[in-house]
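Every heavy atom of this structure was used, including side-chain atoms; hydrogens, water molecules and symmetry mates were not. So you know, we letter chains A, B, ... as the sequences are listed, proteins then strands, and number each from 1.
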Protein chains: 2
Amino acid sequence: MNTRVSIQDVAQLAGVAVSTVSRVLNGYRDVSEETRAKVHRAVEQLGYRPNQAARTFRTGKTQSVSVLLPMIGTDFYNRLINGIDQGLAQRDYDAGLFPLLSPRRLERYRNPSAPPYNADGLILASLNPDRLFEGGKIPADLPTVLVDIAHTAYDSVTVDHVEGGYLAGRHLLERPAPTFVVMIEERFDTPFASGVFRERLRGFRRALEEGPVKLPKDHVVTVEFSWDGGRLAAQEILRRLDGPANIFATCDLLAQGLIDEFAHKGIKVGGEVRLVGYDDQPWAEAYGLSTVKQPIESMGGLAARLLLQRLERPTAEVTHRVLSPRLVVRESSRV
Amino acid sequence: MNTRVSIQDVAQLAGVAVSTVSRVLNGYRDVSEETRAKVHRAVEQLGYRPNQAARTFRTGKTQSVSVLLPMIGTDFYNRLINGIDQGLAQRDYDAGLFPLLSPRRLERYRNPSAPPYNADGLILASLNPDRLFEGGKIPADLPTVLVDIAHTAYDSVTVDHVEGGYLAGRHLLERPAPTFVVMIEERFDTPFASGVFRERLRGFRRALEEGPVKLPKDHVVTVEFSWDGGRLAAQEILRRLDGPANIFATCDLLAQGLIDEFAHKGIKVGGEVRLVGYDDQPWAEAYGLSTVKQPIESMGGLAARLLLQRLERPTAEVTHRVLSPRLVVRESSRV
DNA sequence: ATCGTTTCCGAAATCGTTTTTGTGCCTTGA
DNA sequence: TCAAGGCACAAAAACGATTTCGGAAACGAT
C-alpha cells in the first residue's frame, strides 16, 4: 500500500494537476504558497514516495555512479574507495560498488545491461576497458573515468610507478652497494591493470644509470605475488651475496617476506642490508619498512571529480592526470 | 547514436511490430523462426541495446539487490560479501555494495529514494533498520534480510555469540585457573549492530557456572576497541595476578594486543597463561591464537538465499536462522 | 478601457519497454 | 461444411514520472 500510491493520487487528493505536484516536489517556481502547502499535505497524508524507476526512466539520470573494481578488502582498494566516496559526496552523488569477485561476475558484467551500468557514470579501477568489454564500447556510452590505469580514449588518474621506482633507487644509492630487485611476474590474461611492477623496475634502473652501481641480470629476482615469494627471494639473495646490499622490493608484501626470512637467518634489515618496499601497507610502519607511498585517496577523489566534470560536459577533451608517489623512509633503509 | 536506437527502430527495420521484437528479445513463444531471425538481424545491424531504465520502470524488477553495510575492508565484511556474492550468483542476481563510509552517507541513505533502494531487495549487514531509518519502514517496502543482527520483523541470519563465549569458556576450564575476560565497551548511539561483546561474555559466564571457577567483577577488564586496548588490558591483568591464568578476549584484536604486551614482558601465551580470542582474524593462525571462528561466508550465503526466497514469496513467514560458531584451538590455549 | 506582462496551473505529450487484447488465417475434427 | 481452436503477429494500453505548451486570471501601465 505504499508503492501503489502514485503522483496521480496525490494530485487528486490535493485537487491539482499532476504537473503541479511534480513542480512542487522538484522545487520549481510557478507554484503559489497555497497550492504548495496543499500538495505537501496530500503527500504527507498518503505517504507518497516518487517511483524512482519512473523518474530515472523519464530523466535518464540516477544521481549515482558505479565503481567497478577487481576486488575489495585490500588496503589499496579500501583507500581508493574512501577517496572516491569523499569526492562524490561533495556533489550529492552516491556510489555503488561492484567488485569482480569471481570469473562469473566478470562474465555477467560484460553484459551491457547489467545492473552496474544502470547509473550516470562509471569508474573503472585497475580495469582495462578494452579487455573488460572485449574490444566493445563502454555500455550505454556511460561517461567513464579510469583509475590506476590509463587509456587514450578515457579520462584517467594514475600514479607514476616509474617515478616511484626512481625515488627508491635514488634513496638506496645514497650508499652504493650491490643492488637487488625483487619483483613479481606479470600475467596479462586478466582484465586487470598490469605492467606496474615492470614500470617500477624501470624507474629504479633509471636511478641506477645516474650512479656507479650496476644491476646485473641475475640480481633481478622474479617471484610469485606472496609472502612466501618474498622469503624465497631472500634465500636466493643470500645465496648470491655476503655483505652489504641494497634491495628494492616492488611491493610491500614481498618486502615483508624478505624481512621475515632475513630475521629468521639472524639478519636485521637496516644498516648493512637496506630495503625499500612499495605501497606503504598498514603494517609497514610497525615493520619499520621504508617504502614508496602512493596518494591513493587523492587518486580516488580526483577520479570522482573528473567524472563529475565529465557528467556536466560529456564532450570535453579527455584528460589524464598523473600523480606522484612519495618516499617514506624508515629503519629498513637507514645506513 | 547508441542510446538513441529504440525498440521502435528495430521493429521498423525488421518490418514487424514492437511487441514482436519484445517477444523475441525475451524469448517468448508465438514467434516463427523466420521473424525471429529477421528481428535478430535488425538488432545486430542497429546495435540495439534495450533501455534498462525503461525495462525496470515497466517491470519493476532490476535483477539486482543492494547490500548496505557499515564499512568495508575488515576481514569480517570481506568474508561476508564473498558469501553473499556467491549465494546471489547462483540465481543470476547482482549485488551493489553501499558502505556507510561517512556520517554524510548515512544521512543520504536515510532518503527512501536514494540509489541503494533502486533494487529488488536489500541486505542489511550489522545495521538495525529501526535506527537506520529512524523508526520508519524499509524504503519502498523492499524485501529485506538482516545479517549479523536480528529483528522480529525481518528475516535474519546471525551467529550465536553466547554459544561462542560458551565454547571458549568450556575450553579454558579444562584446566581450572583464575579467569579474566577482556572486553570492549559498547556504544549504542550508532545504527550498527551491538551487544555482541556482552553476549560473548554471557556465554562465557554460563560455562563458568558449570565449573568451580569464579569470575570476580574486577577480572572483567573493559577497554577500547584497539590493539592498545589489548596491551593496557595485559598490564592490568599482570597487576592483579602472578601465576597461571585463563584469559578470554572477546575479539582477536584485543588478544593480539595482549599477546604482544605479554611477549614484551617475557611471557608467552600457552601453558601457564592460556588465551582464547574471538573472530579468527587472518593473522590468528600465524600468532598461534586459539579463537572462536564464525561461519561468516555461510552467513552471507544463507542471507542471499533467504532474500531470493523472499523475492519469490514476499508474504512468507519471517524466518530467523542462527548459526553456530566453532572453536579453533591453537598454541595460545594449550596447557 | 485596452493592452501587455506576469503568475499560476492544467492538459497532454513523452520517455521505451512489457503486456493485454484483438484479428485474420490455417488446421482440425465431426 | 462449419464450428472450434491454435498460431503468428499487430495494435494499443499501460507503467509513473517530467516537460512542454498554452490559457485564464490578476495586475500594472498607458
*Tell me which of B:R29 and B:R58 sits closer to the 5' end of DNA chain D, going by the nucleotide each one is nearest to.*
B:R29
*Terminal axes of the helix from C:dA1-D:dT30 to C:dA30-D:dT1 (five pairs each): angle between them, nearest 10 degrees*: 50°
_Atom-to-atom span, CG of A:D30 to P of D:dA26 - whole angstrom_ = 17 Å
*Quick one: is A:S32 getting a side-chain N or O under 4.0 Å of the C:dC9 phosphate, OP1 or OP2?*
yes
*asked:* So which atom in A:L127 and which in A:L68 form the shortest heavy-atom distance, rounded to 0.1 Å?
replied: CD2-O, 3.5 Å
*Does the pair B:D94/A:R105 count as a salt bridge with the N-to-O cut at 4.0 Å?*
yes
*What is the distance, rounded to the nearest whole Å, between atom CD of A:Q52 and atom C1' of D:dT18?*
13 Å
*Mind calculating the distance between CD (A:Q8) and P (D:dC15) to the nearest angstrom?*
9 Å
*asked:* Heavy atoms within less than 4.0 Å of DNA chain D: which residues of residues 18-28 of chain A have one? Give them sorted by number.
replied: A:S19, A:S22, A:N26, A:Y28
_Distance-minimising heavy-atom pair for A:F98 and A:P116_ = CD2-CG, 3.6 Å
*Could you tell me the separation between the CG atom of B:N51 and the P atom of D:dC15, rounded to a whole number of Å?*
19 Å
*asked:* Does this structure show an ion pair linking B:E107 with B:R110, if we count only N-O contacts that are shorter than 4.0 Å?
replied: yes
*asked:* Any non-hydrogen side-chain atom of A:P129 less than 4.5 Å from a side-chain atom of A:L146?
replied: yes
*asked:* Measure CG/A:L46 against P/D:dG16 and give the value in whole Å, please.
replied: 14 Å
*Is B:T56 touching bases, backbone alone, or none of the nucleic acid, heavy atoms closer than 4.0 Å?*
nothing
*Would you kindly give the CD1-to-P distance between A:I7 and C:dC9, to the nearest whole Å?*
15 Å
*Answer whether the closest heavy-atom distance between the side chains of B:S126 and B:I149 falls below 4.5 Å.*
no
*Can you tell me the distance, in whole Å, between the CZ atom of B:R36 and the C1' atom of D:dC7?*
13 Å
*Any side-chain heavy-atom pair of B:D148 and B:L80 under 4.5 Å*: no
*Side chains of A:T56 and B:T56: does their closest heavy-atom pair fall under 4.5 Å?*
no
_Nearest whole Å is fine: how far is C:dG16 C1' from A:F57 CZ?_
4 Å
*State, yes or no, whether a side-chain contact exists between A:R310 and A:L306 at a heavy-atom distance under 4.5 Å.*
no
